[in-house]
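Data first, discussion second: the structure below is written as structure tokens.
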Amino acid sequence: MFTRTTLRPALATATAVSLAAGGLLALSAGTATAATPAKYADDFNGDGYRDFAVGGLGDGSVVVTYGTATGPGTTTKTFTQATAGIPGTRGEAGGYGDAFGEDMATADLNRDGYADLAVADFTEKVGTKVGAGAVTILWGARTGLSGTGAVRLKVTAHARYGFGKAIETGDFNGDGKADLAVADGIDTVYVYRGGFAKSGTTGTVTKHTLDATFESTGMVAGKVTKDKATDLFVLGQGYHNDKMTQDVWFLRGGSTIKPGKVTVVNSSTPDYSPTGVVADFDKDGYGDLAVSDTRYNNKAGSVVVWRGGSTGPTTKYRITQASSGVATGATTRDYFGSALSAGDTNGDGYPDLAVGVPSEKVGSMEDAGGVHVLRGTKSGVTGTNSQWFTRATAGVPGDASEYDRFGSLVRLRDIDRDGDKDLLVSSNYYDPSILLPGTAAGITSTDAKELRVVAAFPQ
């Protein structure tokens with residue numbers, strides 16, 4: 001969507017950027033001095049229950065459903081740039097379309113006991129800068145999120161840079177405060193350090209730029225090494241040996257963020273909308289990255305797992321529908337890996353991996369779709385003892401149908417708060433999802449039900 005206007009020299013260093021005159025400003029009392037930050041990074045009203053924020057609806061809106069003791073409740077609220085207090089104009093994107101909410105991240109950024117929501121819009125027109133992009137923070141409170149006092153992150157606007165192409169929260173310097181990482185649509189990641197204040201001030205900001213042959217499309221945060229800091233993977237497209245490639249760039253967290261190496265996921269046909277998740281699938285103490293490569297093998301698809309190590313990622317391996325134990329076969333245009341989520345579904349201590357396959361044929365029905373649950377083991381992600389669910393699976397509500405694309409969105413989370421990870425599966429952003437309950441033995445279709453929450457909320 002974005003076109004490069006300049007080619008910049010390769011650079012893999014961090015440059016500190018002060019966004020407040022005279023350096024870092026002290027935060028006002030009551031905004032960053034709370035003794036107890038929110039227990040959950042997505043508990044916006046501080047009631048002790050996780051909430052659900054869904055964007056990516058294509059109309060510039062974000063829908064928040066508040067949690068209850070048994071899961072998602074009936075209280076919802078919709079936010080757009082037409083909501084009082086939220087900066088910008090709904091639909092005003094210089095011809096790109098409104099992408100407000102295309103990516104979001106949650107954390108108690110100002111440490112007041114209520115989680116906050118950072119909302120990206122990489123298409124936003126800022127002043128006269130078309131497609132400059134913006135990231136807006138909505139503050140949590142006892143009554144939940146509101147547009148009141150919403151602020152934009154401070155950054156120098158550049159036309160068609162797509163600031164906010166991807167955002168992630170984490171403790172990237174290991175000081176115990178939530179930070180916010182923002183990628184633009186070119187090749188730079190900005191890390192805003194905590195604490196944050198409702199006035200819009202933040203800690204120091206650093207910029208990390210790779211080179212003009214890399215274009216970012218997504219970002220994944222998680223702990224890869226055994227230190228206290230959160231690490232970052234930037235997903236994107238590279239250019240090697242006169243070919244477009246799918247690349248992943250690693251940035252190691254710490255008091256000084258250290259840009260690391262780039263690995264090639266697909267050397268011939270990049271996935272232009274990759275997704276990923278970090279989890280310690282082999283339980284060796286190091287976080288691994290699972291990243292989609294849906295263009296692999298004539299779009300049959302695959303998932304590449306990049307193992308974590310003491311200084312960062314090490315070796316990688318590939319899982320496909322041709323891997324031993326996986327229930328379905330690899331065929332052209334299945335798009336295995338289109339959606340990914342991680343969590344321990346059977347209580348063995350190893351995170352498992354839910355993999356959406358929205359274009360899988362079910363019986364005679366094209367693009368009916370389904371989802372695999374692949375097991376984490378001592379040797380990593382495996383198809384052995386994996387599970388496979390479609391709308392044709394006994395107990396799953398509804399019927400399998402052509403072009404339903406069940407498995408387009410998946411999330412593993414203890415949604416009903418019974419102590420077991422559940423699997424939420426969506427075909428799109430508009431119809432009810434299917435909740436497949438978790439048990440001590442794993443995911444089951446018994447007592448599966450429809451749920452009015454889309455499986456697209458932050459992990």
Side-chain angles (χ1 to χ4, degrees), residues 220-226 231 233 248 250 263 265 274-294 296-297 300-330 334 336-357 360 370-390 393 407 410-415 418-425 436-445 455 459:
V220 184
K223 291 191 175 181
V224 177
T225 64
K226 291 183 179 179
D231 305 301
F233 291 97
V248 177
F250 176 68
T263 190
V265 172
T275 186
V277 63
V278 172
D280 184 8
F281 296 110
D282 53 10
K283 213 167 65 169
D284 65 353
Y286 302 110
D288 313 311
L289 171 71
V291 61
S292 66
D293 181 9
T294 61
Y296 177 78
N297 190 20
S302 71
V303 176
V304 174
V305 181
W306 202 7
R307 294 183 180 90
S310 60
T311 59
T314 57
T315 59
K316 57 182 184 287
Y317 59 96
R318 188 182 298 272
I319 300 291
T320 74
Q321 291 185 102
S323 298
S324 177
V326 177
T328 55
D334 282 342
F336 175 86
S338 292
L340 301 174
S341 188
D344 180 7
T345 65
N346 60 351
D348 64 358
Y350 291 92
D352 306 310
L353 183 67
V355 182
V357 197
E360 180 70 26
V371 56
H372 291 280
V373 179
L374 307 181
R375 298 299 180 199
T377 69
K378 186 176 181 179
S379 57
V381 179
T382 176
T384 302
N385 297 321
S386 65
Q387 296 178 280
W388 169 243
F389 298 95
T390 74
T393 301
V410 301
R411 281 293 183 273
L412 286 170
R413 180 192 278 190
D414 182 9
I415 292 171
D418 67 353
D420 298 311
K421 288 289 191 299
D422 308 302
L423 175 59
L424 192 68
V425 188
L436 300 172
T439 70
I443 302 298
T444 179
S445 57
Q459 194 80 21

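We're numbering straight along the sequence, starting at 1.
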Q | Flag, side chain of D352 to backbone of G376, donor-acceptor distance under 3.5 Å | A | yes
**Q.** D288 side chain vs F281 backbone, donor-acceptor pair below 3.5 Å
**A.** yes
(Q) For F233 versus P313, what's the shortest heavy-atom pair and its separation? (A) CE2-CG, 4.0 Å
Q: Mind listing the closest non-hydrogen atom pair of A290 and V303 along with its distance?
A: CB-CG1, 4.0 Å
(Q) Looking at every heavy atom in both T393 and S445, which two are closest together, and how far apart are they? (A) CG2-OG, 3.9 Å
(Q) When you measure from the side chain of D422 to the backbone of G438, do you find a donor-acceptor pair of N or O atoms at a distance under 3.5 Å? (A) yes
Q: Working to the nearest 0.5 Å, report the span between OG1 of T444 and CG of L423.
A: 11.0 Å
Q) How many angstroms lie between CG in L289 and CG in D231, if you round to the nearest 0.5 Å? A) 11.0 Å
**Q.** Minimum-distance pair of heavy atoms, taken over all atoms of I443 and K421
**A.** CD1-O, 3.4 Å
(Q) Could you walk me through whether L424 and R413 satisfy the side-chain contact (heavy atoms from CB on, under 4.5 Å) test, starting with their C-alpha distance in whole Å, then the side-chain angles of each, then the deciding distance to 0.1 Å, before giving a yes or no? (A) CA-CA 8 Å; L424 192 68; R413 180 192 278 190; over 6 Å; no
Q. Which value, rounded to the nearest 0.5 Å, describes the distance between S341 atom OG and L353 atom CG?
A. 8.0 Å
Q | side chain to side chain donor-acceptor pair (under 3.5 Å) involving T390 - partner list, sequence neighbours excluded | A | none
(Q) Surrounding CG of D418 (heavy atoms of other residues, nucleotides or ligands, distance under 6.0 Å), is the total greater than 12? (A) yes
**Q.** Check: W306 ring centre within less than 6.0 Å of Y317 ring centre
**A.** no
Q.
We want to know whether T294 and S292 form a side-chain donor-acceptor pair, criterion being a heavy-atom distance below 3.5 angstrom.
A. no
Q) What are the two closest heavy atoms between V425 and G407, and how far apart are they? A) CG1-N, 3.6 Å
Q: Begin with the C-alpha distance, continue with both residues' side-chain angles, and end with the deciding distance and a verdict on side chain to side chain donor-acceptor pair (under 3.5 Å) for T263 and K316.
A: CA-CA 9 Å; T263 190; K316 57 182 184 287; 2.8 Å; yes
Q: Please lay out, stage by stage, how R307 and T315 fare under the test side chain to side chain donor-acceptor pair (under 3.5 Å).
A: CA-CA 6 Å; R307 294 183 180 90; T315 59; 2.8 Å; yes
Q: Determine yes or no for a side-chain-to-main-chain donor-acceptor pair under 3.5 angstrom, with T439 supplying the side chain and G442 the backbone.
A: yes
Q.
Apply side-chain contact (heavy atoms from CB on, under 4.5 Å) to residues V371 and V355 and explain how you reach the verdict.
A. CA-CA 6 Å; V371 56; V355 182; 5.7 Å; no
Q: Would you sort out whether T275 and V291 count as a side-chain contact (heavy atoms from CB on, under 4.5 Å), showing the intermediate values?
A: CA-CA 6 Å; T275 186; V291 61; over 6 Å; no
Q: Find the distance between CD1 (I415) and CG (D420) and round it off to the nearest 0.5 Å.
A: 12.5 Å
Q: Decide yes or no on side-chain contact (heavy atoms from CB on, under 4.5 Å) for Q387 and L374, but give the supporting numbers first.
A: CA-CA 7 Å; Q387 296 178 280; L374 307 181; over 6 Å; no
Q. So, for A330 and A322, which heavy atoms are closest and what is the spacing to 0.1 Å?
A. CB-N, 4.1 Å
Q) Mind checking whether T320 and R318 have side chains closer than 4.5 Å, heavy atoms only? A) yes
Q: Spell out, as yes or no, whether a donor-acceptor pair under 3.5 Å connects the side chain of D414 to the backbone of G419.
A: yes
(Q) With side-chain hydrogen bond (donor to acceptor under 3.5 Å, both in side chains) as the test, pick out the partner of R375 among D344, D348, T345. (A) T345
Q | Interatomic distance, Y350 atom OH to D280 atom CG [nearest 0.5 angstrom] | A | 9.0 Å
Q. Going from CH2 on W388 to OG1 on T328, what distance comes out if it is rounded to the nearest 0.5 angstrom?
A. 4.5 Å
